[in-house]
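Chain identifiers are assigned alphabetically (A, B, ...) following the order of the sequence lines, protein sequences preceding nucleic acid strands; residue numbering begins at 1 within each chain.
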Amino acid sequence: VFLANLLVQKYGKCGSLRDARQVFDEIPRPNLFSWSSILHAYAASKNLGEAKDLFDKMPVKDLVSSSALIKAYAQAGHLKDAERIFHSLPRKDSVACNIMIGAYSQRGCIDKAKGIFDQTPSKTVISWNNMISAYAKSGYLSKARGVFDSMPEKNVVSWNLIFHAYAGAGRFHEAKGIFDSMPDRDVVSWTAMLGAYAETGHILKAKRMFDCMDVRNTVTWNIMFRAYVDAGQMDDAKSLFDAMPERDTVAWNTLVAAYVQYGRMDEACEAFDAMEERTVVTWTTMIAGYGRHRNLSEAKRLFDRSPEKNVVSWNAMLQAYVESQCFEGAKEIFDRMPEWDVVSWTALVAVYADAGHLCRARDLFDEMPQRN
RNA sequence: CGCUACGGCCUAUCAUAGG
């Protein structure tokens with residue numbers, strides 16, 4: 001059984017859900033490990049419905065499988081369902097609590113996150129790390145720092161988190177100081193420091209750091225690539241892209257976005273066509289690119305062809321109509337969207353405001369569910 | 001209750017309006 005479980009996990013990790021499921025179905029007497037492995041595979045692939053069905057079919061549900069489902073709900077933004085399962089747990093361990101802390105902090109519910117943290121039994125370094133991350137995400141830098149300073153033990157992730165909190169807040173020098181005083185650094189630490197140099201326009205320092213790193217991963221390469229793009233050094237960027245040992249979709253998406261940004265739509269297309277795997281980000285980049293260049297028909301064609309849509313891609317399509325002054329089309333898209341965020345609403349308010357329909361703009365503004 | 005092979009949690013990079 002445990003060999004089969006290993007197979008299920010391996011297939012799950014590389015996204016071959018079908019194979020994972022087949023192996024699972026052939027296990028005569030699946031144990032808890034088998035169940036949570038297949039459940040985790042579904043949850044990780046955002047197959048929420050299947051995950052839920054499997055969970056309901058489980059003869060015995062333990063903390064591990066429940067936590068996997070809580071995580072899946074939380075990632076899908078179904079905070080209520082996540083909470084329901086969490087609260088129905090007879091016993092909550094630190095992992096389950098950590099997942100809830102992450103879920104709350106993702107939505108900015110910092111007080112609820114803190115509440116769970118305070119109730120977490122036998123906290124681990126990950127529990128404290130989660131709180132650093134929660135405070136940092138909500139912009140409470142000094143609170144994050146307070147957690148960092150008071151935690152009983154730190155690991156390299158703790159250091160990376162506090163580094164990122166300072167760097168993200170624009171406190172470059174303090175971040176650099178933190179980097180210099182790290183007891184250990186891993187590839188994430190180095191890459192984050194590289195990213196901080198890139199962010200602040202220190203391309204040469206970034207490149208020097210890149211060259212002397214002994215371990216690089218795709219993120220490292222992607223950040224260096226992006227740094228060249230942002231500096232307008234497209235030739236260097238392209239050489240670096242070509243030199244990458246492997247190119248993931250983020251690398252390709254960055255390349256497409258770079259061409260779009262510099263108005264080189266034909267090359268953007270070429271890169272788009274050369275990709276073997278595209279994500280919703282890829283499609284959105286192209287749609288937005290055509291939108292910006294007033295090529296409404298191409299934008300629309302890609303949008304209709306795109307296999308997956310989210311609120312960002314809908315917004316890009318909406319904006320494409322706006323750019324082309326096609327306000328009826330924009331309104332129609334807005335009405336067809338399955339969900340809206342502040343960006344969608346703002347775009348529509350701006351349409352009416354620009355057209356001089358101030359009353360209509362004001363009405364919409366009052367109707368907005370959230371504002372920023 | 002603890003131990004025992006396989007399962008769950010934290011950090012860095014990409015897209016949409018405004019700023």
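Although no hydrogens or angles enter the test, the distance criterion places a donor-acceptor pair under 3.5 Å between the side chain of A:Arg107 and the main chain of A:Gly77.
The shortest side-chain heavy-atom distance between A:Tyr290 and A:Ser297 does not fall under the 4.5 Å cut-off. Here the side chains of A:Arg171 and A:Leu141 are in contact, with some heavy-atom distance below 4.5 Å. When side chains are defined from C-beta on, A:Asp266 does not count as touching A:Glu270, because their heavy atoms never get closer than 4.5 Å. In this structure the side chain of A:Thr282 never reaches within 4.5 angstrom of the side chain of A:Glu277, judged on heavy atoms. No side-chain heavy atom of A:Val157 sits under 4.5 Å from any side-chain heavy atom of A:Val125.
Residue pairs that meet the side chain to side chain donor-acceptor pair (under 3.5 Å) test with at least one member in residues 190-200 of chain A, sequence neighbours left out, are A:Thr191-A:Thr220, A:Thr200-A:His202. Screening residues 248-277 of chain A for ring pair (Phe, Tyr, Trp, His ring centres under 6.0 Å) gives A:Phe241-A:Trp252, A:Phe272-A:Trp283 as the qualifying pairs, with residues at least two apart or on separate chains. The side chain to side chain donor-acceptor pair (under 3.5 Å) pairs that include a residue from residues 340-351 of chain A are A:Asn315-A:Asp341, A:Asn315-A:Ser344, A:Asp341-A:Ser344, where partners are two or more places apart or lie in different chains.
Between the C1' atom of B:rA17 and the CZ atom of A:Phe365 lies a distance of 14 Å, rounded to the nearest Å. Between the CD1 atom of A:Ile333 and the C1' atom of B:rA17 there is a distance of 15 Å, rounded to whole Å. The OH-P distance, from A:Tyr321 to B:rU16, rounds to 19 Å in whole Å. As rounded to whole Å, 14 Å separates atom P of B:rA15 from atom CG of A:Asp248. Look at CD on A:Glu308: it is 16 Å from P on B:rA15, rounded to the nearest Å. Following rounding to the nearest Å, A:Asn160 (CG) and B:rU13 (P) show an atom-to-atom distance of 12 Å.
Close to B:rU16, at under 4.0 Å from its OP1 or OP2, lies a side-chain N or O of A:Arg292.
In the region residues 253-279 of chain A, proximity to RNA chain B at under 4.0 angstrom, judged on heavy atoms, holds for A:Asn253, A:Thr254. At a non-hydrogen distance threshold of 4.0 Å, A:Val188, A:Thr191 from residues 174-191 of chain A come into contact with RNA chain B. Listed by residue number, the members of residues 213-242 of chain A with any heavy atom below 4.0 angstrom from RNA chain B are A:Asn217, A:Val219, A:Asn222, A:Ile223, A:Arg226.
In terms of hydrophobic clustering, with Ile, Leu, Val, Met, Phe, Trp and Tyr side chains grouped at heavy-atom distances under 4.5 Å, A:Leu296 and A:Val351 are assigned to different clusters.
Among residues two or more places apart in sequence or in another chain, the salt bridge (charged side-chain N to carboxylate O under 4.0 Å, His left out) test is passed with A:Lys207 by A:Asp211. For A:Tyr228, the ring-ring contact (aromatic ring centres under 6.0 Å, His included) test picks out no residue, with sequence neighbours left out.
A:Ala288 comes within contact range of the sugar-phosphate backbone alone, with a heavy-atom separation under 4.0 Å but no base atom that close. Within 4.0 Å (heavy atoms only), A:Thr285 reaches sugar-phosphate atoms of the nucleic acid but no base atom.
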Pick out the pairs of N or O atoms, protein on one side and nucleotides 7-10 of chain B on the other, that lie under 3.5 Å.
residue: B:rG7; atom: N1; partner: A:Asp62; partner atom: OD2; Å: 3.2
residue: B:rG7; atom: N2; partner: A:Ser36; partner atom: OG; Å: 2.9
residue: B:rG7; atom: N2; partner: A:Asp62; partner atom: OD1; Å: 3.2
residue: B:rG7; atom: N2; partner: A:Asp62; partner atom: OD2; Å: 2.8
residue: B:rG7; atom: N3; partner: A:Ser36; partner atom: OG; Å: 2.5
residue: B:rG8; atom: N1; partner: A:Asp93; partner atom: OD2; Å: 3.0
residue: B:rG8; atom: N2; partner: A:Ser67; partner atom: OG; Å: 2.7
residue: B:rG8; atom: N2; partner: A:Asp93; partner atom: OD1; Å: 3.2
residue: B:rG8; atom: N2; partner: A:Asp93; partner atom: OD2; Å: 3.2
residue: B:rC9; atom: O2; partner: A:Asn98; partner atom: ND2; Å: 2.4
residue: B:rC10; atom: O2; partner: A:Asn129; partner atom: ND2; Å: 2.6

Step-by-step side-chain contact (heavy atoms from CB on, under 4.5 Å) determination, A:Phe55 to A:Leu39: CA-CA 7 Å; A:Phe55 184 75; A:Leu39 180 62; 3.9 Å; yes
Enumerate donor-acceptor pairs with a distance under 3.5 Å from any side-chain N or O in residues 318-329 of chain A to protein atoms, sequence neighbours excluded.
residue: A:Glu323; atom: OE1; partner: A:Arg294; partner atom: NH2; Å: 3.3
residue: A:Ser324; atom: OG; partner: A:Ala320; partner atom: O; Å: 3.3

Return a table of donor-acceptor pairs under 3.5 angstrom between the side chains of residues 80-87 of chain A and protein atoms on other chains or two or more places apart.
residue: A:Asp81; atom: OD1; partner: A:Arg84; partner atom: NH1; Å: 2.6
residue: A:Glu83; atom: OE2; partner: A:Tyr104; partner atom: OH; Å: 2.5
residue: A:His87; atom: ND1; partner: A:Glu83; partner atom: O; Å: 3.0

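In RNA chain B, no run of at least 3 Watson-Crick or G-U pairs (N1-N3 plus N6-O4 or O6-N4, or N1-O2 plus O6-N3, all under 3.5 Å) shows up, so the stem list is empty.
Under the 6.0 Å cut-off for aromatic ring centres, A:Trp314 and A:Phe303 qualify, their centroids lying closer than that.
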